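One structure is given here, and the rest of the page talks about it.
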Amino acid sequence: MKKVVLAYSGGLDTSCIIPWLKERGYETIAVVGDVGQGDDFEAIKKKALKSGASKVYCLNLQKELIENYALPALKAGALYESKYNLACALSRPLIAEKQVEVARKEKAQGLVHGCTGKGNDQVRFEVTYRLMEPKMEVIAPVRVWEFKTRDEEIDYAKAQGIPVPVTKKSPYSIDTNVYGRAIECGVLEDPWKEPPEDIYKLTTDPKKAPNTPAYVEIEFTQGVPKKIDGTAYQPLELVKRLNEIGGKHGVGRTDMIENRLVGIKSREIYENPAGAILHLAIRDLESLVLDRESLRFKEALSLKYAELTYNGLWWTPLKAQLDAYFEKYHETTTGTVRVKLYKGKATVVGRKSKFSRYSEKMATYGEGDVFDQSLADGFIKLWTVPYQK
Ligand code: ARG
């Protein structure tokens, strides 16, 4: 039997994949990535074995997801189509990377995932596989197998002795990790319909959120969030803390129509309190410490970084070059941002930095103005020269 390594979630698809592969002569080793989806991993391990996996690896990847993926994307200001913090997109190259490491260690010949042919995730997994191990066989059973409906799949699972949950399946497709949660399908497929309140798990309904605002002071050092209200946190703990407090105030909901790489437009709802607060705060601090040209030039690179990440091109030269650029860009992004959280909205209400370029003496309309207004006349004359006939 050929040995393959499967990215296993414990769901119906990846469970059916195991016997399906066995029928085709493959032995499956399952890799479960704990990215903070909050599942019962002992139960998932058991299910993998029950489904016929020869071995299961359960890897805690939360710290790596935040430190090596979410923080670089935050520094890059990467929001796909200006909105999505890329939580799911960032987790895929990480899980795929770990899968390849297991495959090497186990001397496996193939890599398997349970993504559909209509989504972005298949691309993110497979680009990573192909860049790390170009010669390994790649199998995507869900794209090619014979099951046309979920019921057919359930019948197959039952026949294989795979436990099928008796509770009715949620109408939604949900992807969760510690950096955010994505919800699609069901009633959400109608872009005109307002999302029902019951889809949300991390964020309070803004109208039921506390009547008094919360204030958080986030301290950054060279573009990395280090402290909340003066207390130092490791990045993962910091993200969890902001998820908690932001979620309590209903902050971080996004409803968007996004363009998938395969060309389909899809309606996706996101909840990402920490990501929303951090992107808002770092952007604001940048506006205090960086000059106009740097700020404007960076915008295009943020967009590019988000596209590369979304489109599965994390492990590519341009993405690495952009990381180097953003290291330089953030040399002075050190300081504190005060954010107000209130009824679903995060607002920056104060910022300070030892690298501040803000000059009150220049800006003021009050006492102590040092801006020489008489120079404006000559400035505007020269400014107009290129356009005069
Ligand atoms: N659209 C997002 C992406 O491509 C999330 C994908 C998974 N979404 C879901 N609801 N299962 O990154």
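The model shown is predicted, which means the values in this text are computed figures rather than measured ones. Start at 1 and go down the list; that is how both ligands and their atoms are numbered.
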Query raised in the report: Do NZ/NE/NH1/NH2 and the carboxylate oxygens of R267 and D255 come within less than 4.0 Å?
Result: yes

Query raised in the report: Taking NZ, NE, NH1 and NH2 as the nitrogens, is one of them in E137 or K2 under 4.0 Å from a carboxylate oxygen of the other?
Result: yes

Report summary line: Exactly one of E146, E153, Q160 clears side-chain hydrogen bond (donor to acceptor under 3.5 Å, both in side chains) with W20, and that residue is E146

**Report entry** E197 and R253 ion-paired at < 4.0 Å
**Finding:** yes

Query raised in the report: Does K328 come within less than 4.0 Å of E331, counting only side-chain N to carboxylate O?
Result: yes

Show the distances, to 0.1 Å, for all pairs joining an N/O atom of ligand 1 and a protein N/O atom that are shorter than 3.5 Å, listing one pair per line.
| unit_1 | atom_1 | unit_2 | atom_2 | d |
| --- | --- | --- | --- | --- |
| ligand 1 | 1 (N) | E258 | OE2 | 2.6 |
| ligand 1 | 1 (N) | E268 | OE1 | 2.7 |
| ligand 1 | 1 (N) | Y270 | OH | 3.1 |
| ligand 1 | 4 (O) | N120 | ND2 | 2.8 |
| ligand 1 | 4 (O) | R124 | NH1 | 3.2 |
| ligand 1 | 4 (O) | R124 | NH2 | 3.0 |
| ligand 1 | 8 (N) | E268 | OE2 | 3.2 |
| ligand 1 | 10 (N) | S173 | O | 2.8 |
| ligand 1 | 10 (N) | A182 | O | 3.3 |
| ligand 1 | 10 (N) | E268 | OE2 | 2.8 |
| ligand 1 | 11 (N) | S173 | OG | 2.9 |
| ligand 1 | 12 (O) | Y84 | OH | 2.6 |
| ligand 1 | 12 (O) | R124 | NH1 | 2.9 |
| ligand 1 | 12 (O) | R124 | NH2 | 3.1 |

Query - Counterpart residues, side-chain contact (heavy atoms from CB on, under 4.5 Å), relative to A89 (two or more places apart) - result: Y84, L86, R124, T309

